[in-house]
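The chain is numbered in sequence order, starting from 1. Remember, predicted model here, so these are calculated numbers, not experimental data. Only heavy atoms go into these numbers, but all of them, side chains included; no hydrogens, no water, no symmetry mates.
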Amino acid sequence: FFFQAEDGIRDAQESRGLGDVYKRQILMDCSMPIMDGYETTTILKNRMAKKELKEAKIVAITSFIGEDEQQKCKAAGMDDYLCKPFNKDQISRLSLIHI
């Protein structure tokens, strides 16, 4: 159900099988090394729009709290927002919202 992005450049280039295996939700770490989650999300959403990848909801995972961070996530194309640390109940809520 979930895919966790770990390396923005590799995940955006290879898309880690997202074109072949349907992933419903991607947990996107906004602070990944090399390429951050904002840029990775923009690339993946563009590929989804071009039908190169199947649609998936992208959930921002960040340690920053606030309206500015939420707006930055939305501007990058992220569908939801989760602040670290998070728990299983919050992940379950996301599963119910985005299926």
Side-chain angles (χ1 to χ4, degrees):
F1 236 44
F2 288 99
F3 169 77
Q4 183 173 349
E6 298 169 350
D7 177 332
I9 290 177
R10 184 187 68 233
D11 293 335
Q13 289 174 344
E14 298 175 10
S15 298
R16 302 268 301 207
L18 286 175
D20 300 331
V21 178
Y22 186 72
K23 306 288 184 188
R24 291 188 147 187
Q25 295 182 33
I26 299 169
L27 299 179
M28 183 66 69
D29 189 340
C30 294
S31 300
M32 290 187 296
I34 306 171
M35 180 190 295
D36 66 30
Y38 310 103
E39 187 174 355
T40 304
T41 296
T42 300
I43 291 168
L44 293 175
K45 286 292 189 168
N46 285 337
R47 292 190 65 199
M48 289 175 199
K50 293 177 185 176
K51 305 294 184 207
E52 294 173 6
L53 297 175
K54 291 185 179 182
E55 290 291 324
K57 299 294 181 183
I58 299 179
V59 178
I61 304 295
T62 181
S63 52
F64 300 105
I65 299 173
E67 186 67 28
D68 290 342
E69 182 67 15
Q70 289 178 1
Q71 292 303 318
K72 188 174 179 181
C73 292
K74 283 185 178 188
M78 295 175 184
D79 300 292
D80 210 334
Y81 173 93
L82 194 56
C83 191
K84 300 177 199 176
F86 53 89
N87 59 44
K88 287 190 272 184
D89 290 338
Q90 291 168 303
I91 294 291
S92 295
R93 179 191 63 82
L94 291 174
S95 296
L96 294 173
I97 290 171
H98 295 296
I99 53 174

Cluster check Met78, Met48: I/L/V/M/F/W/Y, side chain < 4.5 angstrom: yes
Approximate separation, where rounding is to 0.5 Å, of Thr41 OG1 and Asp36 CG: 8.5 Å
Side chain proximity check, Lys57 to Asp80, heavy atoms < 4.5 angstrom: no
For Ser63, side-chain contact (heavy atoms from CB on, under 4.5 Å) partners two or more places apart: Lys84
Side chain proximity check, Leu53 to Leu44, heavy atoms < 4.5 angstrom: yes
Reported CZ-to-OG distance for the pair Phe64 and Ser31, which is rounded to 0.5 angstrom: 5.5 Å
Between SG on residue Cys83 and CD1 on residue Ile61, distance to nearest 0.5 Å: 9.0 Å
Qualifying residues under salt bridge (charged side-chain N to carboxylate O under 4.0 Å, His left out), relative to Lys74, sequence neighbours excluded: none
Backbone of Thr42 reached by a side-chain donor or acceptor of Asn46 within 3.5 Å: yes
Qualifying residues under side chain to side chain donor-acceptor pair (under 3.5 Å), relative to Tyr81, sequence neighbours excluded: none
Interatomic distance, Leu27 atom CG to Asp29 atom CG [nearest 0.5 angstrom]: 9.5 Å
side-chain contact (heavy atoms from CB on, under 4.5 Å) partners of Asn87, counting only residues at least two apart: Asp89, Gln90
Residue pair Met35, Ile43: steps toward the side-chain contact (heavy atoms from CB on, under 4.5 Å) verdict: CA-CA 11 Å; Met35 180 190 295; Ile43 291 168; 3.8 Å; yes
Contacts of type side chain to side chain donor-acceptor pair (under 3.5 Å), residue Glu69, not counting sequence neighbours: Tyr38, Thr62
Counterpart residues, side chain to side chain donor-acceptor pair (under 3.5 Å), relative to Lys45 (two or more places apart): Asp79
Atom pair CE/CD1 of Met28 and Ile58 - distance to nearest 0.5 Å: 5.0 Å
